[in-house]
Amino acid sequence: MKFLVKDEHPVRHLCQVLVVGCFEDGDQEPFFNLLDEELGGYLAALFSRKEFTGGLNKVKLLQTVGRIAPESILLMGLGKRGELTAEKVRQASGSAIQSLRMPGIESFSALLPEGVENLSSALEGFALGGYSFDCYKTKPDEQKEIQEVTILSSGRFDPGEPEKTIADAAALCDAVCFARDLVSQPGNVATPSYLAEKALEISGKYGLTCTVWEREEMERHSMEGILAVARGSHQPPRFISLEYRSEEAEGKPVVLIGKGITFDSGGISLKPREGMEKMKTDMAGAAAVIGTLMAVAALKLPVHLVGLIPAAENLPGGSAFRPGDIIRSMSGQTVEIVNTDAEGRLLLCDALHYALRYDPAAMIDLATLTGACVVALGGFATALLGNDEKLKCDLKKVGEATGERVWELPLWEEYGELMKSDIADLKNSGGPSAGTISAAWFLQNFVGKSCWAHLDIAGTAWEEKGRHYLPKGATGTGVRLLVGYLKNSVKK
Ligand code: BES
Ligand code: MN
Ligand code: ZN
């Protein structure tokens, strides 16, 4: 999607659709009244008749029948003026662009409430809400993707300001959409080696350092957790590291770790058939990590960032690991496998242990780790667990600001009981109760004294219905949250 800024008068601006931001309490922007005058008070009448209220995420498309240059107007409800937030602008813009998905509309223009903050949020809403994954549709779609959005500035910006805002928002949204594409790709395409290829591609394009380990190197490093999970599939595992280091970066790196199960059948502890196709999304953590490195490099943030991705496929082949097996993780701790479907933590425990060699300032892992998380929070929040109050607090704050909300679950000592094994140091599943917490408890055994947070994105990685700027399908969750976190971490 291409963004342009023009300083034309809205009444004389030629376009197919003019999106006009409106408030619920009737206190409209000056441009609204300008347009309304030309339309003979039609807009105000719609409000007084309550045909359109300006409520958040409400839209109404009107034909202008030649009275003004725009062929039509899309009223975009922003809710009450006094309650406007970045997230509301993002949502309203997402709802607006999704309502314009109809044959024949390939571009539109927009009038937004004042301020660069609003501009930046609207661009995010448009870019993310306009996304679709259609590379496997072989018949040309009548309803084309919207290619171009023009923002009418009405001289309300400083010189260069909108251009910089556009470049930054586009870089961030490109990374989110890149992550969405990866998650949407099916398991027969997005294999562990495909993830590695994509990481290499990105590293070349954005000047990152990328290292890919194959099975032999993982064997040499005793990454038995990853290797055990990978054994049931013909797809060989990969251990991918990506590194971005700005010259201005100070101090220790932040390390991100993303679960990269390219398809999770459950292994020998096979999943039920219903909905198993969704398990192609079990690498959404990996996608978020690659996307975050991409964005951070494009935005040239003054940070030192490392991304680690253990990637494997969990299938029940003849060499598959089995319930009852005991494996020795890279850290030396032994794990009794009681359920081969609790595979994510086995990848992550090696990656977390490996991360310790960076002596990280903070490490954050992202994983579609537990079905229990979907039960607890649904698609509206990512579960947050960790051992550092400051880190958790920072993530919560940035979650509110970005709309990628996180909700903390406790990691009390008592939950550790669930993961004790009779014959090994740990078992890999604590059974059905407190599934998200016991999984995090398992991970905590591998982070040493590091400052660590775990994000369970099982519910938020995939949007079931489609809403505002999250079209049905992969959300790319984690990218905007982590980029926001990293931006804030350098401000202080
Ligand atoms: N990838 C799944 C978790 C998942 C479930 C993600 C639904 C997205 C949607 C994970 O590997 C898994 O199977 N977890 C098990 C753990 C259990 C066996 C302890 C689960 O949640 O059932
Ligand atoms: Mn599983
Ligand atoms: Zn899984």
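Whatever order the structure lists them in is the order used to number ligands and atoms, beginning at 1.
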Output the list of atoms in ligand 1 that are nearer than 4.0 Å to some heavy atom of Ala458, sorted by atom number.
6 (C), 8 (C)

Looking just at side-chain N and O atoms, do Gln444 and Tyr415 make a donor-acceptor pair shorter than 3.5 Å?
no

For Asp456 and Thr370, does a side-chain donor sit closer than 3.5 Å to a side-chain acceptor?
yes

Which protein N, O or S atoms lie under 2.8 Å from the Zn ion (ligand 3)?
Lys259 NZ, Asp264 OD2, Asp282 OD2, Glu343 OE2

Can you see which heavy atom on Val447 is nearest to which on Leu356, and at what distance?
O-CD2, 3.4 Å

To atom 17 (C) of ligand 1, the nearest of Ala367, Gly344, Ala342 on a heavy-atom basis is Ala342

May I ask you to identify the nearest protein heavy atom to atom 18 (C) of ligand 1, giving residue, atom name and distance to one decimal place in Å?
Asn339 ND2, 3.2 Å

Which N, O or S atom name in Asp264 marks its closest approach to the Mn ion (ligand 2)?
OD2

Distance to 0.1 Å, residue and atom name: give those for the protein heavy atom nearest to atom 12 (C) of ligand 1.
Asp341 O, 3.2 Å

Using a 4.0 Å cutoff against the non-hydrogen atoms of Gly371, which atoms of ligand 1 qualify?
3 (C), 4 (C), 5 (C), 20 (C), 21 (O)

What pair of heavy atoms forms the shortest contact from Ser438 to Leu418, and how long is it?
CB-CD1, 4.0 Å

Of the protein's non-hydrogen atoms, which lies at the shortest distance from atom 2 (C) of ligand 1, and what is that distance?
Asp264 OD2, 3.5 Å

Do me a favour and list the nearest non-hydrogen protein atom to atom 10 (C) of ligand 1 with residue, atom name and distance?
Leu369 O, 3.3 Å

List for me each residue that meets ring pair (Phe, Tyr, Trp, His ring centres under 6.0 Å) alongside Phe108, sequence neighbours excluded, and say none if there are none.
Phe126

Looking only at heavy atoms of Lys259, does any of them come nearer than 4.0 Å to an atom of ligand 1?
yes

Can you tell me the angle formed at the Mn ion (ligand 2) by OD1 of Asp341 and OE1 of Glu343, to 10°?
120°

If you compare all heavy atoms of Glu224 against all heavy atoms of Arg328, which two are closest, and at what distance to 0.1 Å?
CB-O, 2.8 Å

What I want to check is whether the side chains of Ser120 and Thr165 have a donor and an acceptor closer together than 3.5 Å.
no

Would you verify whether the NZ or CZ of Arg180 falls within 45 degrees of the ring axis of Tyr131 while also being under 6.0 Å from that six-membered ring's centre?
yes

When distances are taken from atom 16 (C) of ligand 1, the protein heavy atom at minimum range is Arg345 NH2, 3.8 Å

Tell me whether the rings of Trp213 and Phe239 are parallel (<30°), tilted (30 to 60°) or perpendicular (>60°).
tilted

Closest to atom 9 (C) of ligand 1 (heavy atoms only, candidates Glu343, Met283, Lys427, Met279) is Met279

Do Asn339 and Ser429 get their side chains close enough for a donor-acceptor pair, meaning under 3.5 Å?
no

Near Ser429, which atoms of ligand 1 are under 4.0 Å from a heavy atom of that residue?
19 (C)

If the threshold is 4.0 Å, N to carboxylate O, is there a salt bridge linking Lys259 and Asp365?
no

Pair Glu87, Arg90 - check salt bridge (Lys or Arg N to Asp or Glu O under 4.0 Å), show working.
CA-CA 5 Å; Glu87 174 62 6; Arg90 218 179 273 126; 2.5 Å; yes

